[in-house]
Engineer: 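Dropping a structure here in structure tokens format, bear with me for questions.
Values below: every heavy atom of this structure, side chains too, minus hydrogens, waters and symmetry copies. Just follow the structure's listing: the first ligand is 1, and inside any ligand the first atom is 1.
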Amino acid sequence: MLEVVRKVADLRAKTAQYRAAHASIGLVPTMGALHDGHLTLARSAKLDNVRVIATLFVNPKQFGPREDFAAYPRDEVADAGMLERVGVDLLFAPDLEEMYPENFSTSVAVGGLTQTLCGLTRPHFFGGVATVVTKLLLQSLPDRAYFGEKDFQQLQVIRRLVRDLNIPVAIVGVPTIRESDGLAMSSRNAYLSPAQRKMAGALPQIMQETVAELRAGNPAATILPSAKSRLHKAGFDRIDYLELCDEQTLQPIAIARPPARLFVAAFIDKTRLIDNWPVI
Ligand code: PAF
């Protein structure tokens, strides 16, 4: 039976009980609007740990002033039902005041890795993520915490902050879960109209073709411009980036060499879709 707690003190009382019973704890942080990608994180956490805690908090600090915080899909009852069905033990769903009480004035800033890709077009994003994830990890102190590779830059930023701040939690990256046409699962896919959703299927297709061309040793400078024009033709209005990067440093590279990964962020109308694929 899934139990829901909203206060840090109640979360800590539950984790103390789990610890007293020598149970390992897996944490699955989410902003709700759950889909099979999130449930895969929860299933991975179930395999590795005796107890699994999910968190549900739509974090205002990671949205820019003109972004979709207000419109972000929210359905706690449906989310709780899904988490219960995959065997999650506890849902921590704090309100805004519990996470950011009056005069909250601390933030966690990760340098380097955040100065590229999404960090350039969403300058507020990683500070908000780093701050909330640091809080969630310290509030629950799990053995392991699970994050999807779909948000690969976020995963690397979290790995770095945990290492830099000596937070005693293992960060586990879980491969992206995709729809049948290859589109990466995302809560934001819900914003797409049926026609836009159909168009979005071009993204994984063009990414895979581009990965093959890069893997064959062609330079990014010749391959990426034509991939961008294919994305435009397929209906992507704006492309924030399409970059071949070293997956450790997240810095652009000219020719694929291990560990290379292709990263994209592109819009269909107002919906921003991101994805990434390993190259070599
Ligand atoms: O990936 C997400 O859903 C969020 O960025 C996270 C990690 C739950 C922090 O709010």
Engineer: Q62 heavy atoms, cut-off 4.0 Å: which ligand 1 atoms fall inside?
Structural biologist: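 In order of number, 4 (C), 5 (O), 9 (C), 10 (O).
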
Engineer: Find all atoms of ligand 1 within a distance of less than 4.0 Å from any non-hydrogen atom belonging to Q154, and give their numbers and elements.
Structural biologist: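 Close to Q154: 1 (O), 2 (C), 4 (C), 5 (O), 7 (C).
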
Engineer: Can you confirm if the NZ or CZ of R215 lies within 45° of the ring axis of W277 and under 6.0 Å from the centre of its six-membered ring?
Structural biologist: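 Geometry flag: not set, cation outside 6.0 Å or 45°.
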
Engineer: Can you name the atoms of ligand 1, numbered from 1 with element, that are less than 4.0 Å from a heavy atom of V132?
Structural biologist: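 Counting from 1, the qualifying ligand atoms are 9 (C), 10 (O).
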
Engineer: State whether F92 and R6 meet the cation-pi test: NZ (Lys) or CZ (Arg) under 6.0 Å from the six-membered ring centroid, and within 45° of the perpendicular axis.
Structural biologist: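 No, R6 does not sit over the ring of F92.
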
Engineer: Answer yes if the ring centres of F63 and Y72 are under 6.0 angstrom apart, and no otherwise.
Structural biologist: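 For F63 and Y72, the ring centres are under 6.0 Å apart.
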
Engineer: Any side-chain donor-acceptor pair under 3.5 Å between Y146 and N49?
Structural biologist: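 Side-chain D/A pair, Y146 to N49: present.
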
Engineer: Heavy atom under 4.0 Å from ligand 1: found in T30's side chain, backbone, both, or neither?
Structural biologist: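 Answer for T30: backbone.
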
